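These notes concern the structure reproduced below.
Below, read A as the first sequence line, B as the second, and so on, with proteins coming before strands; counting in each chain starts at 1. Here the structure is a predicted model, which is why all the values come from computation and not from measurement.
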Amino acid sequence: MSYEVILDDFQGPLDLLLHLIKEKEMDLETLEVSEITDQYLAYINQMDPNQLEIMSEYLVMATQLIEMKSKMLLPNEKVELEDEYKEDPREQLIRRLIEYKKYKDILEDMRESYDYRHTLYTKAPAIMDEYVVDTTNLIPDNLEVYDLIRAMQKMFQRKSLTTPLESKIARVEISIEERSDQIRQYFKRHHHQKIRFDDLFDEPTTSYFVITFLSILTLVNKREIEIEQSGNFEDIFLKERE
Amino acid sequence: MEHNEILSIIEGMLFLSGDEGLTIKQISSILELSKKEATIYMDELVQTINERTIKGFELVNFGGVFKFVTLSKHHEYYQKMIEQNENTLSNAALETLAIIAYNQPITRVSVEEIRGVGCDAMIRKLVAKALIKEVGREDTPGKPILYGVTEEFMDAFSLASLDELPQLKEMKEDFDQDDIFNTKYTEDIDEE
Amino acid sequence: MEHNEILSIIEGMLFLSGDEGLTIKQISSILELSKKEATIYMDELVQTINERTIKGFELVNFGGVFKFVTLSKHHEYYQKMIEQNENTLSNAALETLAIIAYNQPITRVSVEEIRGVGCDAMIRKLVAKALIKEVGREDTPGKPILYGVTEEFMDAFSLASLDELPQLKEMKEDFDQDDIFNTKYTEDIDEE
């Protein structure tokens with residue numbers, strides 16, 4: 001028999017037990033301790049002994065199972081049950097498995113809502129620090145550490161959320177020479193075409209506007225391009241001088 | 001103040017507050033309304049905003065915090081404009097969170113009893129992620145910390161209230177042999 | 001794609017871009033439209049949004065950048081929204097405090113680098129509340145003031161020491177699958 005599943009796939013001994021019970025198509029209520037113990041031990045034997053840290057929790061369960069199994073094999077098993085106040089360990093294990101399974105069963109639903117939430121986006125709050133007129137010097141009395149942690153987490157989330165990719169690129173400083181060159185390339189790509197003046201102002205920063213404007217003036221001055229406007233307030237067009 | 005004017009102001013406030021959102025309490029205090037009035041206005045605003053023909057975002061309530069979010073069906077377009085943290089949740093984290101959400105307030109030891117494994121590191125991590133927080137101390141020897149889920153948890157799982165968590169299949173409370181063992185446990189034990 | 005669907009996606013993009021806004025170029029590249037088409041859509045969207053009966057914000061075009069802005073006639077309410085009463089600290093204040101607590105001693109300029117916004121007014125307010133204080137001067141040109149948190153801060157957040165705050169590493173780290181095994185489970189599995 002080969003074990004394809006490794007212990008890293010399990011969240012602990014209870015998880016492993018549920019897996020085995022399912023695999024053996026056993027009912028939780030009619031759990032056969034003896035069989036499940038053998039299965040469980042077979043798994044444990046496959047474990048890498050170097051991962052003792054991980055193993056310890058599984059080993060605690062293994063001892064309990066072995067103890068349970070051995071007691072059940074004893075002829076005086078009935079006598080054991082005389083003590084009403086002590087719960088049958090088998091029942092107790094079943095109870096724990098049922099309890100644990102309750103949560104296992106809804107995890108997929110929860111993960112679904114979690115994944116769904118990740119398809120909803122929202123924006124950072126508008127920055128309004130300067131409007132804050134805090135008139136009192138009192139410290140609020142309902143603060144908790146959670147408030148700080150939450151503020152920090154929100155900030156981490158926002159860092160990657162709020163900066164549109166293109167505006168990052170736009171912030172790169174550029175010289176008139178470089179921009180003039182870009183405009184020349186632009187005209188090359190749009191050979192013999194009239195270019196709308198606005199089309200060259202495609203990045204929303206002031207410095208970019210100024211540099212682009214100065215570059216156009218330079219190019220006009222050098223008689224590389226010319227400006228056309230059919231009348232006041234009409235669209236301005238640029239084209240290469242032939 | 002005129003009815004639509006109030007709704008307009010709330011809309012503006014929601015826009016400005018972004019992911020921080022607004023609670024009924026904040027809205028009522030800023031606009032000097034009773035909580036009941038504010039709730040009625042919010043209900044109307046949710047309806048008005050969510051029923052628009054052209055709708056790029058809608059108004060949701062996660063854990064009592066109202067905020068605008070974009071629509072799930074458009075998310076691929078927004079992915080192009082923003083980088084988002086992956087922020088995946090491991091099974092261990094999810095399991096621990098579920099147990100806390102359904103049983104809060106709950107101590108670490110009680111979570112460990114249910115899971116059958118140690119949860120110390122996991123609980124610290126969930127606190128650091130603002131998904132759970134200390135909500136008090138249990139009145140037993142050692143005064144262990146009691147944990148509960150947070151507003152951030154509600155947001156992370158798009159829940160308006162904890163009632164919206166999936167229903168747990170309850171087992172019979174008194175577990176005596178004659179009873180529960182005759183009741184056949186029907187559904188399959190499903191694992192991933 | 002359907003007409004109203006495109007308008008909806010643009011609305012969502014504008015919402016997400018917030019104060020930064022979007023250019024025709026950005027809109028056309030994300031939606032794979034020509035600039036001319038994008039311009040026509042924007043004209044329609046401006047009209048639709050600005051003609052709403054309930055209107056807390058409108059769509060403006062400032063120098064080729066489209067963005068939503070709230071209405072100046074509602075200004076006093078937005079002012080009120082961020083005015084602090086003695087029972088709350090704004091999120092901006094909490095964020096600033098958290099940054100100082102984790103990085104102290106730290107200069108104002110460094111706080112601003114992390115937050116990405118000016119913090120001059122905010123830092124003055126936090127000093128006035130005695131939540132932070134000057135703890136020295138940095139040994140660089142200009143000798144800028146170094147800030148740190150105060151005993152009042154520790155009191156306000158019921159912290160015995162800053163070690164009680166989660167580690168920055170834990171706050172940033174993703175959940176990985178095997179993190180439950182980071183600590184050894186010491187107690188026996190309780191038999192109640």
Answer with side chain, backbone, both or neither: which region of [X] has an atom nearer than 4.5 Å to a non-hydrogen atom of chain A?
| X | result |
| --- | --- |
| B:Val60 | neither |
| B:Lys73 | neither |
| B:Leu159 | neither |
| B:Leu71 | backbone |
| B:Ser72 | both |
| B:Glu76 | neither |

Considering all heavy atoms, the nearest [X]-[Y] contact:
| X | Y | result |
| --- | --- | --- |
| B:Pro166 | A:Ile106 | CB-CG2, 3.7 Å |
| A:Ile149 | B:Ala128 | CG2-O, 3.3 Å |
| B:Glu134 | A:Glu144 | O-OE1, 4.3 Å |
| B:Ala156 | A:Arg117 | O-CB, 3.3 Å |
| B:Ala98 | A:Leu107 | CB-CD2, 3.9 Å |
| B:Ser158 | A:Tyr116 | OG-CD2, 3.6 Å |

More than 12 heavy atoms of other residues, nucleotides or ligands under 6.0 Å from [atom1] of [X]: is that the case?
| X | atom1 | result |
| --- | --- | --- |
| B:Asp43 | CG | yes |
| A:Glu25 | CD | no |
| A:Gln185 | CD | yes |

Derivation and outcome, side chain to side chain contact (heavy atoms under 4.5 Å, CB included), residues A:Gln153 and B:Glu152
CA-CA 9 Å; A:Gln153 278 301 344; B:Glu152 286 306 291; 5.6 Å; no
Hey, could you give me the [atom1]/[atom2] distance between [X] and [Y], rounded to the nearest 0.5 Å?
| X | Y | atom1 | atom2 | result |
| --- | --- | --- | --- | --- |
| B:Leu131 | A:Arg150 | CG | CZ | 12.0 Å |
| B:Lys169 | A:Ile98 | NZ | CD1 | 12.5 Å |
| A:Arg96 | B:Ile114 | CZ | CD1 | 9.5 Å |
| B:Asn103 | A:Tyr103 | CG | OH | 3.5 Å |
| A:Thr122 | B:Glu20 | OG1 | CD | 9.5 Å |
| B:Asn91 | A:Lys104 | CG | NZ | 6.0 Å |

Under 3.5 Å, is there a donor-acceptor pair between the side chain of A:Arg111 and the main chain of B:Leu89?
yes
Any donor-acceptor N/O pair, A:Gln11 side chain to B:Glu95 backbone, under 3.5 Å
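Checking the backbone N and O of B:Glu95 against the side chain of A:Gln11, no donor-acceptor pair under 3.5 Å is found.
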Among B:Tyr78, B:Phe68, B:Phe62, find the residue that satisfies the side-chain contact (heavy atoms from CB on, under 4.5 Å) test when tested with A:Leu120.
B:Phe62
Decide whether a cation-pi geometry holds between A:Lys123 and B:Phe15; the criteria are a distance under 6.0 Å from NZ or CZ to the six-membered ring centre and an angle within 45° of the ring axis.
yes
Just checking, any donor-acceptor pair under 3.5 angstrom between side chains of A:Tyr121 and B:Asp19?
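Not at all, the side chains of A:Tyr121 and B:Asp19 share no donor-acceptor pair under 3.5 Å.
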Applying a strict 4.5 Å limit to non-hydrogen atoms, the region of A:Glu112 in contact with chain B is neither
Of all of B:Gln167, B:Lys67, B:Glu151, which one pairs up most often with chain A through heavy atoms under 4.5 Å apart?
B:Glu151
Run the salt-bridge test on B:Arg115 and A:Glu99 with the 4.0 Å N-O cut-off and return the result as yes or no.
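A salt bridge is absent here (no side-chain N lies under 4.0 Å from a carboxylate O).
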